[in-house]
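Read the structure below first, then the notes.
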Protein chains: 2
Amino acid sequence: MTKTPPAKTRATGRATLAEVAARAGVGAMTASRAVNQPDKVSPELRARVAQAVAELGYVPNRAARALASARSKVIVVLVPSLSNLVFTEVLSGIQKALESDGYQILIGNTRYDDAEEEKLLGTYLQSSPDGILLSGLKHSKQVEQMLAAAHVPVVSMMDLAASPDVFSVGFSQELAGYTMTRYLLDKGRKRIGFMGAQGDERMLKRAAGYRRAMEEAGLYDPALVTMVPDPSTIALGAELLGRMLAAAPDTDAIFCCNDDLAHGAIYQCQRRAIAVPRQMAICGFNDLPASAWMNPSVTTIATPRYKVGFEAASLLRKVIDGESPPVRRIDLGFTLMARESA
Amino acid sequence: MTKTPPAKTRATGRATLAEVAARAGVGAMTASRAVNQPDKVSPELRARVAQAVAELGYVPNRAARALASARSKVIVVLVPSLSNLVFTEVLSGIQKALESDGYQILIGNTRYDDAEEEKLLGTYLQSSPDGILLSGLKHSKQVEQMLAAAHVPVVSMMDLAASPDVFSVGFSQELAGYTMTRYLLDKGRKRIGFMGAQGDERMLKRAAGYRRAMEEAGLYDPALVTMVPDPSTIALGAELLGRMLAAAPDTDAIFCCNDDLAHGAIYQCQRRAIAVPRQMAICGFNDLPASAWMNPSVTTIATPRYKVGFEAASLLRKVIDGESPPVRRIDLGFTLMARESA
DNA sequence: TTGTAAGCGTTATCAT
DNA sequence: ATGATAACGCTTACAA
């Protein structure tokens, strides 16, 4: 009683290029060219091959192609989250930039975790990617080593590299944090709190921008800063508002490191009958769709994430194709959206 | 002046299994086994191979493995959207179920578009997936054909198949729509509107459930139904509220086919000073995080999407492994979350 | 423009 | 338990 049926050497069962070639009465190479570089084959043979392909339902085998050509046409993309619209929009931009060239995108969700990133990279490196897109600039030693050993072009997204040798596409997270804080200061707020979560690189840089602005104004006070490592959610924003007020009851504004936190903080203010923005100005970061629609609408920083993805992928493609792009660091900027909440 | 440097036959530059074997002083097959089935190799040789692997920084070549073994260890997942938390959570469940077995997940975003789905499937089939996870039950003829020709196990997610032969994991969208409408009826609402967008399969089934409940109550009225093909967003919800009231000013409740629409409708009510739920009850579908936190909080249907992903992937794995699961259709149910908005 | 031969890195198969 | 050999399906390199 055998479990596996004694199929001989049926392999994949799919038609192969050799079979297509045989059916079309041409050599294997001609069939290959007819499929991949139609211009290099005479119209007549091209048609014959096309017909054989159709009749046999031929589907190219990527593994074989990759093995023979040493080009996988695979791009690995590592993002810290998929539940965050920010990164799904980055992905959209990447897809758009790459869709025309037969690239296959391998998406890895690192969950803001270094160990996970290492694991994913290790796995994905087995697919011999032609290029890699990373979120952020800071990575573990392990990851840096793997990247160096892999000899694969890498472009970093969302932030700007300090070194001009590194490929990076994004905007200055620090400057964005500074800008938002200045806005609040210019509105006359004094006791401006910073609410951060997730403890990731970008949040820390926004916090650094906040601190710089506050120190310049002579108003920096550690009691105003609430940072936790938990994933940022609406629920957490609601909770942190409570902690914030407990630590510094005279807080008159809060810069939330992202919109989820800001939404939660605002909902919580509503429940506690704290008027926003009169008693408490609240602003966020990223400009999620809800921010424009909530009541009150939310002041926030709009970030060009679709474009980040698109430009990063475009840049990567150039590097893969052997071009030496003159600009290795692309600043896409950001926009402060002044609305009702602050 | 050649563009490509005249590198001889450098291929990938990566260490190969043969090199590992040579360094360890064993045959290629032993090295292969030491890597993949350590138990089948003597401890001594296993250690020697392990050391060689470490020294050479050996990374297995998936393409070669797939080609030689006729098993790609690739699972294709097609979802209609990535910007919708529903599907990213489905993905999380899938990842969780598959992470331990070296599977690689190829994610395709069909954007609720048949042509896009065909294109993606065609591309991904080139990777010889061992299995496929699809969203929904309804697919174009093209897609059905490709699937049939590919001879690859398929599991459908999010809805329940009519035929017991089809593998499906989810819950009854129709029943969920019916249940929510009954809830509104039981609350005494008479002029209950249905607001739908995206024109996809699941929305239509929820609408069917709505209609069944309304007809049973003798209250069905086409004027109460607003359906548009546009992607559902908060902004659209706000707009559709206006259309709804224009078409049927006496509407006293709205069943929105998803939470985004519901949120938009509620925000718009707030702007128009329409009291929710007193003048207008509004409910959604999916239970996004904001629904529990908004003011008013939103009555909605909580759906087990993480579990759908997990169970679907688990089922698929069983099928791939040649088991014949007794249950081909798994109903994970749903939960009505009664909150403030309706 | 077309075809031939060789090999990409790995594993299945069958010996030993 | 270990290893030699032959594929896997395709493309590169070179000839014709």
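Numbers restart at 1 for each chain; the letters A, B, ... are given by sequence-line order, proteins then strands.
- When rounded to the nearest whole Å, the span between CZ of B/Arg71 and P of C/dG9 equals 23 Å.
- Considering only side-chain N and O atoms, A/Ser32 lies under 4.0 angstrom from the phosphate OP1 or OP2 of D/dT11.
- For A/Met29, counting side-chain heavy atoms from C-beta on, the closest listed nucleotide (C/dT10, C/dG9, D/dT12) is D/dT12.
- A/Asn61 places its CG atom 18 Å from the P atom of D/dA7, with the value rounded to the nearest Å.
- If you take CD of A/Gln37 and P of D/dC10, they are 15 Å apart, rounded to a whole angstrom.
- Judged by closest nucleotide on DNA chain D, B/Gly25 is the one of B/Gly25 and A/Leu67 placed further toward the 5' end.
- Taking 4.0 angstrom as the limit, B/Ser42 places a side-chain polar atom (N or O) nearer than this to OP1 or OP2 of D/dT2.
- The shortest distance between the side-chain N/O atoms of A/Asn36 and the OP1/OP2 oxygens of D/dT11 is below 4.0 Å.
- As rounded to whole Å, 13 Å separates atom C1' of D/dT11 from atom NZ of A/Lys40.
- Note on A/Arg33: a base of the nucleic acid sits closer than 4.0 angstrom, heavy atoms only.
- We find that B/Glu44 and B/Arg48 are joined by a salt bridge, their nearest charged nitrogen and carboxylate oxygen being less than 4.0 Å apart.
- Taking atom CZ of residue B/Arg65 and atom P of nucleotide D/dC10, one finds them 21 Å apart after rounding to whole Å.
- Remark: B/Lys96 fails to qualify as a cation-pi partner of B/Phe310 under the 6.0 Å distance and 45° angle criteria applied to the six-membered ring.
- A/Gln126 places its CD atom 17 Å from the C1' atom of C/dC8, with the value rounded to the nearest Å.
- Map B/Ser69 and B/Val41 each onto its nearest nucleotide of DNA chain D; the residue landing nearer the 5' end is B/Val41.
- A/Leu56 places its CG atom 14 Å from the C1' atom of D/dG9, with the value rounded to the nearest Å.
- Looking only at distances, a side-chain donor or acceptor of A/Ser72 sits under 3.5 Å from a matching main-chain atom of A/Val74.
- Rounded to whole Å, atom C1' of C/dT11 lies 14 Å from atom NZ of B/Lys73.
- Where B/Thr16 and A/Leu45 meet DNA chain C, the nucleotide closest to each residue was compared, and A/Leu45 sits on the side nearer the 5' end.
- Using a 3.5 Å distance cut-off with no hydrogens or angles, the side chains of B/Ser83 and A/Glu89 do not pair a donor with an acceptor.
- Heavy-atom neighbours of A/Glu55 CD from other residues, nucleotides or ligands within 6.0 Å: above the threshold of 12.
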